[in-house]
Amino acid sequence: MDPIQTSNHIKDILSQNATADVKQVRELLAKARELKGLTLQDVAALLSVDDETLLEEMFHTAREIKETIYGNRIVLFAPLYISSECANNCLYCAFRRSNKEIVRTTLNQKQIADEIEVILKMGHKRVLLVAGEHPVRCSIEYMEESIKTVYETKVGKGEIRRLNVNCAPLEVEDFRRLKAANIGTYQCFQETYDPEVYKVMHPSGPKSDYLYRRTVMERAMEAGIDDVGIGPLLGLTDYRFEVLSTLAHSQELDEKFGVGPHTISIPRIEPATGVEISENPPHVVSDLDFKKLVAILRMAVPYTGMILSTRESPAFRDEVIKLGISQISAASRVDVGGYVMGDRKDGQFSVGDHRSMDEIMQELLSDGYVPSFCTGCYRLGRTGHDFMDLAKPGMIKIFCHPNALLTLKEYLEDYATPETKAIGEKVIAAELNSIPSEERRKVTLERLKEIESGKRDLYF
Ligand code: SAM
Ligand code: SF4
């Protein structure tokens with residue numbers, strides 16, 4: 001791959017589709033409703049839309065697609081930052097090597113277990129392990145040990161059932177070790193797909209090698225990790241370019257491996273201690289453009305999970321979820337050791353959503369969502385290609401929806417306040433009616449009863 005050539009190709013598609021009339025946009029929205037995705041040219045045309053009425057129609061279509069495929073389920077997870085030591089100097093990140101304004105920490109195994117205990121007591125079942133890139137402090141052995149600690153730490157009936165990883169790119173043999181350690185998704189963001197901007201943003205350290213990062217998922221997939229997560233860091237360059245490049249990346253993986261990324265993340269740069277650029281990013285993405293890009297991604301890759309983090313404020317987050325988000329982080333701490341010690345402003349960036357887990361659960365339930373802690377697919381080997389085969393609207397209703405209700409029930413039994421429990425029980429009772437198969441409804445009801453009498457970890 002020649003990064004400059006690839007980037008010019010994307011820029012050409014954008015300039016060749018820099019306008020779209022009403023008729024074309026409506027045709028594209030109709031095409032999106034067929035749930036077969038969109039081409040790069042289609043997406044470039046939609047990215048050019050600024051007209052308010054057309055944007056509203058776009059949002060409406062995205063909501064419809066989200067509703068058809070994912071229903072009202074929303075999967076929750078917690079990030080766990082284990083090290084802020086880093087050999088790189090990414091201009092936007094508080095962990096960058098030359099930042100003297102944060103105190104550096106790498107958690108030992110006892111501290112990791114302590115963090116997990118707090119996370120478990122909130123009711124989480126999924127964790128995303130995050131680390132800086134440090135050859136000694138964050139060695140593959142340290143990562144393996146940390147993963148083991150996370151899975152082995154239990155509190156009462158609580159346990160982490162799926163651990164995903166966001167760490168620096170590795171060689172195939174090290175990815176094999178992560179796979180053997182039982183990770184779910186491997187996540188790595190390209191940050192910017194523009195090689196020139198990339199060079200400026202990553203002036204030194206191993207991360208300055210654009211191609212090594214751009215080819216990371218090929219190595220992960222070669223090692224057998226078939227759930228991978230990609231994404232740009234929004235704010236470094238024109239968002240239209242980043243969105244189109246992310247989709248091109250997704251198509252490329254699909255063509256090479258028969259399956260696209262499991263998830264796409266869309267972080268916006270947030271203010272971080274000691275990081276000038278984070279206060280004033282070169283290409284700020286407005287809330288409206290952010291909503292537009294979420295809607296377009298939902299239409300373009302309808303079956304790919306989309307993740308929103310606590311970087312966004314609660315009110316805005318609720319608005320965006322409806323447009324196509326399938327996973328959110330909840331009650332996150334981005335300070336290393338932050339679940340035990342609280343926020344010390346040494347974290348990777350500032351969090352926009354400070355609600356507790358129970359508050360988030362209560363709000364989601366009151367807004368008509370079914371918060372899910374399900375990890376069923378991954379544990380039954382329904383990953384990569386198999387997951388994509390399954391991720392058709394009907395199948396999601398048969399597996400994901402009942403599993404969401406079972407894991408919600410566990411939350412209500414073990415962690416919810418009485419108010420949240422009362423709301424949650426009503427939601428479960430109502431949602432049971434929307435399980436299409438009578439047999440599946442009957443078994444789900446039986447399993448809900450089993451959970452009430454103390455059984456855990458039941459899934460389809
Ligand atoms: N060090 C590894 C790497 O860079 O790939 C993994 C961990 S890094 C902390 C995870 C992600 O955080 C980065 O890929 C970047 O997109 C994001 N990030 C860094 N600084 C940020 C900021 N100021 N606001 C929002 N996200 C940021
Ligand atoms: Fe290090 Fe990752 Fe932050 Fe860059 S983004 S400074 S590699 S932790």
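Because the structure is a prediction, the values reported are computed rather than measured. Atoms within each ligand, like the ligands themselves, are counted from 1 in listed order.
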For Lys207, atoms of ligand 2 separated by under 4.0 Å from a heavy atom: 2 (Fe), 4 (Fe), 5 (S), 7 (S)
Numbering as shown, the atoms of ligand 2 that approach Gly132 to under 4.0 Å (heavy-atom distance):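 Going through ligand 2 atom by atom, the ones under 4.0 Å from Gly132 are 8 (S).
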Which atoms from ligand 1 have a heavy atom of [X] less than 4.0 Å away?
X	value
Ala131	1 (N), 2 (C), 6 (C), 7 (C)
Cys93	19 (C), 20 (N)
Val130	7 (C), 9 (C)
Ile269	24 (N), 25 (C)
Glu270	22 (C), 23 (N), 24 (N), 25 (C)

So for atom [atom1], which belongs to [X], do other residues, nucleotides or ligands contribute more than 12 heavy atoms lying within a distance under 6.0 Å?
X	atom1	value
Glu279	CD	yes
Lys148	NZ	no
Arg63	CZ	yes
His283	NE2	yes

Hey, is [X] touching ligand 1 through its side chain, its backbone, both or neither, going by heavy atoms under 4.0 Å?
X	result
Arg268	backbone
Leu233	side chain
Cys90	neither
Arg213	side chain

4.0 Å heavy-atom contact, Val275 with ligand 1: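 Val275 does not count as a contact of ligand 1 under the 4.0 Å cut-off.
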Pro271 near ligand 1 by a heavy-atom separation under 4.0 Å: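 So Pro271 does not count as touching ligand 1.
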Quiz question: by atom type and distance under 3.5 Å, do the side chains of [X] and [Y] form a donor-acceptor pair?
X	Y	value
Lys292	Tyr239	yes
Glu133	Asn88	yes
His249	Arg214	yes

Contact (N/O only, under 3.5 Å) between Lys207 and ligand 1: yes
When you measure from the centre of the six-membered ring of [Y], is the NZ or CZ of [X] closer than 6.0 Å and no more than 45° off the axis?
X	Y	result
Lys11	Phe241	yes
Arg298	Tyr70	no
Arg268	Phe290	yes

Mutual orientation of the aromatic rings belonging to Phe373 and Tyr411 [parallel < 30°, tilted 30-60°, perpendicular > 60°]: parallel
Among Glu133, Glu191, Gln187, closest by any non-hydrogen atom to atom 16 (O) of ligand 1: Glu191
Short N/O/S contact of His202 with atom 4 (Fe) of ligand 2 (below 2.8 Å):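 Given the 2.8 Å cut-off, His202 does not count as a ligand of atom 4 (Fe) of ligand 2.
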N, O or S from Cys86 under 2.8 Å to atom 3 (Fe) of ligand 2: no
